[in-house]
Amino acid sequence: MDAILLQILNGLDKGSAYALIALGLTLIFGTLGVVNFAHGALFMIGAFCAVTLQKIFNLSYEVVDETQTDFLGNPLKVKTPYVESWFGPELGATIIDWSVPLAILFAIPIMLMVGYVMERGLIKHFYKRPHADQILVTFGLAIVLQEIIKYFFGANPIQTPPPAALSGSVDLGVALGFDPNAIIYPIWRLVYFLFAVLIIGGVFSFLQFTTFGMVVRAGMADRETVGLLGINIDRRFTIMFGIAAAVAGLAGVMYGPLNPPNYHMGMDFLVLSFVVVVVGGMGSLPGAVLAGFLLGILESFASTTWATTTIPGINQIIIYLVAIIVLLTRPRGLMGRKGVMEE
């Protein structure tokens with residue numbers, strides 16, 4: 001039982017990333033009808049927002065420390081971060097240590113701006129174009145953004161460690177009634193899952209309980225009628241594009257400590273996230289979240305030694321096998337609207 005719970009936890013961890021990216025994808029498709037293949041790049045940009053803030057916090061200047069000398073007895077030059085100089089050694093060190101969580105505040109305005117510029121500068125010109133055109137232009141944009149990140153940050157992964165207080169592991173076995181050390185799980189993975197639940201709950205609450213969200217949901221169901229009521233639905237959809245970009249970016253910010261950011265991480269998640277969206281149902285927000293966690297758990301179980309020994313390579317194809325089965329039996333996906341993807 002403890003092994004099963006461990007695999008479920010691993011699945012929820014990976015499923016959190018799938019669900020967050022798929023949620024943003026579905027928001028864009030449900031509101032604007034655009035298949036956005038640049039969404040994975042937004043996930044990548046969010047991760048590099050954390051990298052950038054970490055580099056900013058570590059900007060240093062050299063001072064001569066009379067208390068330290070080299071082998072010749074000369075005072076050593078020591079690098080001191082500006083943050084420690086401004087806020088003091090203890091608070092400055094804490095700020096540097098917590099750079100990843102603080103990057104959330106740094107990334108939100110950046111991702112909102114990136115989403116707004118992307119939608120107003122490019123995406124709006126392809127609303128009425130075929131989905132094939134949308135895929136080609138957004139995929140090209142993703143490649144451009146990927147190469148820009150590669151140019152400025154290099155091709156190698158960059159470590160973005162979690163805060164020291166959250167970098168260890170916790171014994172969940174005792175808390176769940178198992179033997180000690182039965183389930184040892186990294187704290188940051190639990191933090192990421194809880195963060196994903198918080199973001200998903202926030203998005204659903206925003207759409208469900210605010211006037212803005214109610215108008216957006218009405219526009220998703222019948223855009224023309226909402227427009228005839230004198231509501232500028234296009235402006236609200238542009239804001240939703242920015243929110244979707246922010247969701248993807250925040251997912252990337254918090255994912256950095258789990259997997260060091262690199263310039264192609266967006267592409268790594270892009271295809272899988274689209275599979276998640278299709279399985280959940282195009283345009284269905286609950287479907288995207290459900291499919292994200294479900295496929296994450298299935299992938300986790302398929303990665304066990306027993307599964308890979310019984311069916312070699314099953315961990316690489318399990319998501320696509322599930323997608324084939326779902327689309328053959330239910331073309332609209334698990335929770336998709338009738339008529340979507342059934343033509």
Side-chain angles (χ1 to χ4, degrees), residues 12-25 27-28 36 38-59 83 94-118 142 145-146 148-150 152-154 156-167 186-203 206 241-270 272-273 289 292 296:
L12 292 175
D13 161 34
K14 186 169 290 186
S16 298
Y18 292 159
L20 285 174
I21 301 175
L23 180 64
L25 279 169
L27 276 173
I28 293 173
N36 181 23
H39 203 72
L42 298 174
F43 176 76
M44 171 196 66
I45 292 173
F48 277 92
C49 283
V51 172
T52 301
L53 189 65
Q54 179 179 262
K55 290 182 177 293
I56 292 174
F57 283 165
N58 282 284
L59 289 175
V83 172
T94 301
I95 291 174
I96 294 173
D97 186 39
W98 286 78
S99 61
V100 171
L102 290 174
I104 292 174
L105 302 177
F106 179 68
I108 289 175
I110 291 176
M111 297 310 304
L112 289 173
M113 182 181 66
V114 169
Y116 179 82
V117 171
M118 183 185 295
L145 294 173
Q146 175 178 289
I148 291 174
I149 292 295
K150 182 180 179 182
F152 284 103
F153 293 92
N156 296 323
I158 302 175
Q159 297 289 337
T160 54
L166 302 176
S167 61
I187 296 175
W188 189 258
R189 292 184 178 272
L190 294 174
V191 170
Y192 191 79
F193 169 67
L194 295 175
F195 175 78
V197 172
L198 180 64
I199 294 296
I200 292 169
V203 171
F206 175 72
F241 194 102
I243 292 175
V247 169
L250 294 181
V253 166
M254 297 294 281
Y255 196 77
L258 299 179
N259 191 12
N262 56 73
Y263 73 98
H264 57 78
M265 66 184 300
M267 291 296 185
D268 295 341
F269 274 90
L270 177 64
L272 290 174
S273 298
V289 174

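Numbers here are sequence positions counted from 1.
Of all heavy-atom pairs between Ala251 and Tyr192, the closest is O-OH, 3.1 Å. The shortest heavy-atom contact between Leu25 and Ser273 is CD1-CB, 3.8 Å. Taking both residues in full, the closest heavy atoms of Pro260 and Pro157 are given as CB-CB, 3.8 Å, listed atom of the first, atom of the second, then distance. Phe193 and Ser16 make their closest contact through CD1-OG, 3.4 Å (heavy atoms, listed as atom of the first residue, atom of the second, distance). Closest heavy-atom contact between Met265 and Ala47: SD-CB, 3.6 Å. Taking each heavy atom of Thr160 and Gly256 in turn, the nearest pair found is OG1-C, 3.2 Å.
Checking each of Leu53, Val253, Ile158 against Phe48 for a side-chain contact (heavy atoms from CB on, under 4.5 Å) leaves exactly one that passes, namely Ile158.
Looking at Phe153 and Thr52, their side chains come closer than 4.5 Å, going by heavy atoms from C-beta outward. Side-chain contact between Met111 and Leu250: absent, with no pair of heavy atoms (C-beta onward) separated by less than 4.5 Å. No side-chain heavy atom of Leu27 sits under 4.5 Å from any side-chain heavy atom of Phe241. Side-chain contact between Asn58 and Lys55 is absent, with no heavy-atom pair separated by less than 4.5 Å. Looking at Met44 and Ile149, their side chains come closer than 4.5 Å, going by heavy atoms from C-beta outward. Within the 4.5 Å cutoff, the side chain of Phe43 has no heavy atoms near those of the Leu20 side chain. Pro162 has its side chain out of reach of Trp98: every pair of non-hydrogen atoms, C-beta onward, lies at least 4.5 Å apart. For the pair Ser167/Pro161, no side-chain contact is recorded, criterion being any heavy-atom separation below 4.5 Å from C-beta on.
In this structure, Trp188 contributes its side chain and Met254 its backbone to a donor-acceptor pair below 3.5 Å. Although no hydrogens or angles enter the test, the distance criterion places a donor-acceptor pair under 3.5 Å between the side chain of Gln54 and the main chain of Gln159.
Shown here are the side-chain contact (heavy atoms from CB on, under 4.5 Å) partners of Pro109, two or more places apart in sequence or in another chain: there are none.
A distance of 14.0 Å separates CD1 of Ile108 from CE of Met113, quoted to the nearest 0.5 Å. Put simply, CZ on Phe57 and CG on Asp97 are 11.5 Å apart, with the number rounded to the nearest 0.5 Å. Annotation: the span from Tyr18 atom OH to Asp13 atom CG amounts to 10.0 Å, rounded to 0.5 Å. Between the CG atom in Asn36 and the CG atom in Leu42 there is a gap of 6.5 Å [rounded to 0.5 Å]. Annotation: the span from Leu12 atom CG to Leu194 atom CG amounts to 10.5 Å, rounded to 0.5 Å. If you take NE2 on His264 and CD on Gln146, they are separated by 8.0 Å, rounding to the nearest 0.5 Å.
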**Message:** The test is side-chain contact (heavy atoms from CB on, under 4.5 Å); show your working for Asn156 and Asn262 and say whether it passes.
**Reply:** CA-CA 6 Å; Asn156 296 323; Asn262 56 73; over 6 Å; no

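The aromatic rings of Phe269 and Tyr255 sit perpendicular to each other, their planes meeting at more than 60°, with 30° as the lower class boundary.
Sparse packing is recorded around CZ of Phe152, with 12 or fewer heavy atoms of other residues, nucleotides or ligands lying under 6.0 Å away. In Tyr116, the OH atom is not crowded: 12 or fewer heavy atoms of neighbouring residues, nucleotides or ligands sit closer than 6.0 Å.
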